[in-house]
Amino acid sequence: MEYKFREIEKKWQKYWEKNKTFKAFDDFQNPKKYYILDMFPYPSGSGLHVGHPEGYTASDIMARYKRMKGYNVLHPMGWDAFGLPAEQFAMDTGTHPAIITNKNCDTFRRQIKDIGLSYDWDREINTTDPGYFKWTQWIFIQLYNTWYDEKLQKGRHINELEVPADIKSRGDDYVRSYIDGKRLAYYDKALVWWCSSCKIVCANEEVLTDGSHEKCGHPVEKMNLKQWMLRIPLYAERLLSGLDDLDWPEGIKDQQRNWIGKSTGAEVKFHVENTGDIISVFTTRPDTLFGATYMVLAPEHELTARLTTGEKEKEVRKYIKDAVLKSDLDRTDLAKEKTGVFTGSYAINPVNNKKIPVWIADYVLTGYGTGAIMAVPAHDERDFEFALKYELPVECIMNPDTDDQELKEKTLEGKACWTEDGTYVNSSDKKTGLDINGLKKEEGIKKTIEWLESRQLGKATVNYKLRDWLFSRQRYWGEPFPVIHWEDGTISLLDEAELPLELPVLEKYQPGENGESPLANATDWLMVTGKNGMKGRRETNTMPQWAGSCWYYLRFIDPHNSKAIFSKEKEKYWMPVDLYIGGAEHAVLHLLYSRFWHKVLYDLAYTSHDEPYLKLFNQGMILAFAYETKTGAKVPADLVEEKEGRYFHRNTGEELTQIVAKMSKSLKNVVNPDDIIQRYGADAFRLYEMFMGPLDASKPWDEKGVKGVFGFLTRVARLFGDLSCVSDETESDEILQALHKTIRKVENDIENLRFNTAISSLMIFTNLAVKKGKVNRDTAKTFVRILHPFAPHLAEELWEAYGNKESLANEEWPEVNEKYLKEDTFEYPVSFNGKLRFRLELPLDMENNEIENAVLGDERASRWLEGNKPRRIIIVKGRIINVVI
RNA sequence: GCCCGGAUGGUGGAAUUGGUAGACACGUUGGACUUAAAAUCCAAUGGCCGUUAAGGCUGUGCGGGUUCAAGUCCCGCUCCGGGUACCA
């Protein structure tokens, strides 16, 4: 068969589409279900790049394999289509963002279909579709109507929240604000990052460490604006502990754990001298209280003004003003040099009643813990640095566990800082009754907390880094909030029946005044009148892009349901996602937010599992070769010439070094999947994406590699497609053994997502078959079946050529016949003192002493023994023989 | 700084998890076919020594160690990539 890949691929893509070969049925009778999900893409204007199909091909191989294994497979695709570029385009041209978005979706869909991926296209979803975002809005309403019951560790409907009697007695306003204070979604003033270039607020995590907006690179500033926030920290503990049982890469779990940032310690109360105020601090080291020599408040702390004494007032006020105005950019820039001011007040250290000064410094953050710390310079690096600069006392209370005598002495003298374990010294006080001298850290912490709790001076506490999630954006192209702000200052949410709240068509998409979204210009849409005649205004913010992607995996289960977000029965059948494949760039945000929403829906009994994604796999990044001169200057790929495996500058002739870099327009090394498919076909494209290396590794694209797999497909077509090479003769044992070994290997490799080695074993088998020049029909049919997940078009074509009428997609995966895997003999590598000297073929059932005799009896052995008697002979059956002399 | 990865031929990468290092593929070289080229096919291909051959030595970022045996385990580094940023 001549390998006419274009024809073959078009033919089968049409066939699959026409016959709905990959339609997933809600077949509740079949208990074997497999839900395999790709992270759906944002359909950008530049189309698919070679990175997208890497994960998609991997999931497709798995999906096709599982179908052959008898699973009912759910394998859907959709579009995460709200996003900035479409809105920017609308601003520039006046075109509605939906128009450009739909165009981009069309391109993506066409490109994905060209690769021959086995999606159930009847389940396609688009986050910008009102039929979809109706339910995104619905989830927001659920969040708003949910509070977190700390006792039950569970989200519950707001109607089940008991309002304390003393609140009730104070009137409706108090009740309302009490309830609002418990909702998972709340509307409040928040100090937020503002990007004046995008005219939008950004979530903390969208601000890069250099203080610039990740979307545009413009520096951000702080602003106090009313925003929707979600109380994700309430779920911190469950988000953390839920990770343990997930089959996710450990690195990703670690990232989430770090992001959640749990730390255990204690809250301790310090009385301020004279004023009667109490400063509460969070510390992970209550055991070091005896070493606390000063305290620090964050500049934003509520007590700063009260604690500042007259003569310090001017200085303090200036410091606070500067600090608050400083962007995080400046704060981190100045991280090396800490600054602060003394308030003039003193607090009392509860363990020894000593007076310690209260300072204000911006190295203490307002959003974490209580926004105030006790400083223990002898045992905390930051405090030590600060104490040194402002000449505050350093009191060592722990004899370090170290062999470094110099360090030990310096620490004991308060001239060095020790943060590890040790034995307490100077840690007792007769009057207060606390004594931990001689103890180690673990016991010290325990004993101190007990002491604090018994005197009501503090209590054991847990803190999380995870902050409330800023959930609104000043954009047009996002889900509108189903919210009305009434003129009396109250808020109400739309009824479910009023959903979806669609976006109004605008004439222009420029942002509104005072940091409002373009929706502020949509007067007709914006203003509403209530039944009682009260005037209201709709929320002009929209939801962030995360919203749509937070729950899309649930909608795939029942994408056309207009009555409910999804049928519970179907959800119970399909969930959880068995395998989720996507890029590691979503390690924290998308996956954490998504888990959060899922847990809320679980608590409200909409979903049947606590976690959405059982197994997660991150594909690596696809990079490209790039070239640079000796001085490190990058040279665009079109100016590079290859001669005998070396690289030269086309113009200057200078020799260049090949490096690996991200694909970029400036380096002219971007690869378009369309070109590759045009030249080598979709099967070769798929195969190469998988053959490059391990799925989770980052690796460079090399077109020469595509040629390699293309050659493989050509050889397959030539041999297995030439019916004169496919005989009815009895198959040789050699081929059968190789075939069954290949089935086993491919099966194992697919299960473990090691597609590169699976392909390699398919190649090895093909090389053998080509060498033989012919195979029997059963062999050919078996081979084509295991080739199918990788190169489905060619496999279907061959399958048809063997006289089959039905698509290969629903055929059974071939079974391994163990008979062909058993070997009687093994060619042992024989080593002397660990060095391989010769090989010796021996029966596998030979006894060890017989093996010894056979080895020592071999004439080649005498040469290495040199007359010595072996001290030991190690025999590992079927593996190796090592003679120790 | 801290937390995760990673480093194997000229290149992408294999190596049953402690047991034959370099599978498979690219590239290169030589050969066949061709008027020629492309395509295809065959052979060789880690480095060094050995005229050939037989064979030997050496070799998985660096330095130590454990073991009959280390790419794989342990200790100490170097470099590269990702995440994070004073989290008390």
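If you're wondering where the values come from, they're calculated on a predicted model, not measured in any experiment. Sequence lines set the chain letters: A, B, ... in the order given, protein chains first and strands last, and positions in each chain run from 1.
- Phosphate proximity of B:rU58 to A:Lys835: present, with a side-chain N or O under 4.0 Å from OP1 or OP2.
- Among the heavy atoms of the strands lying under 4.0 Å from A:Asn258 are primed sugar atoms or P, OP1, OP2 only; no base atom is included.
- Within 4.0 Å of A:Trp864, counting heavy atoms only, lie sugar-phosphate atoms of the nucleic acid but no base atom.
- At least one side-chain nitrogen or oxygen of A:Ser263 sits closer than 4.0 Å to the OP1 or OP2 atom of B:rA88.
- Using a 4.0 Å heavy-atom distance criterion, A:Arg860 is classed as making no nucleic acid contact.
- Donor-acceptor pairing under 3.5 Å is lacking for the side chains of A:Thr402 and A:Asp404.
- For A:Arg6, there are no salt bridge (Lys or Arg N to Asp or Glu O under 4.0 Å) partners at least two apart in sequence or on another chain.
- One side chain, A:Ser263 or A:Tyr368, offers a donor N or O that lies under 3.5 Å from an acceptor on the other.
- What separates CD1 of A:Ile252 from C1' of B:rG83 is a distance of 9 Å, to the nearest Å.
- Among the duplex regions that RNA chain B forms, those built from at least three successive Watson-Crick or G-U pairs under 3.5 Å are B:1-7 with B:78-84, B:10-12 with B:24-26, B:27-32 with B:40-45, B:46-49 with B:55-58, B:61-65 with B:73-77, ordered by first number.
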Can you give one letter per nucleotide of nucleotides 12-18 of chain B, 5' to 3': B if a protein heavy atom sits under 4.0 Å from the base, S if only from the sugar-phosphate, - if neither? BSS-B--
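- Between the CD atom of A:Gln255 and the C1' atom of B:rC3 there is a distance of 9 Å, rounded to whole Å.
- Between A:Tyr368 and B:rA88 there is a side-chain polar atom (N or O) within less than 4.0 angstrom of OP1 or OP2.
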Tabulate atom names and distances for all N/O pairs under 3.5 angstrom spanning the protein and nucleotides 5-9 of chain B.
none

Name each donor-acceptor pair under 3.5 Å that joins a side chain in residues 286-294 of chain A to protein atoms two or more places apart or in another chain, with its distance.
from	atom 1	to	atom 2	distance (Å)
A:Asp287	OD1	A:Arg285	NE	3.0
A:Asp287	OD2	A:Arg285	NE	3.2
A:Asp287	OD2	A:Arg285	NH2	3.0
A:Asp287	OD2	A:Tyr424	OH	2.5
A:Thr288	OG1	A:Arg285	O	2.7
A:Thr293	OG1	A:Pro393	O	2.8
A:Tyr294	OH	A:Tyr363	OH	3.3
A:Tyr294	OH	A:Asp383	O	3.0

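- Considering only residues two or more places apart in sequence or on other chains, A:Arg860 meets the side chain to side chain donor-acceptor pair (under 3.5 Å) condition with A:Asp858.
- Among the protein residues, A:Lys877 comes within range of no part of the nucleic acid, since none of its heavy atoms lies under 4.0 Å from any strand.
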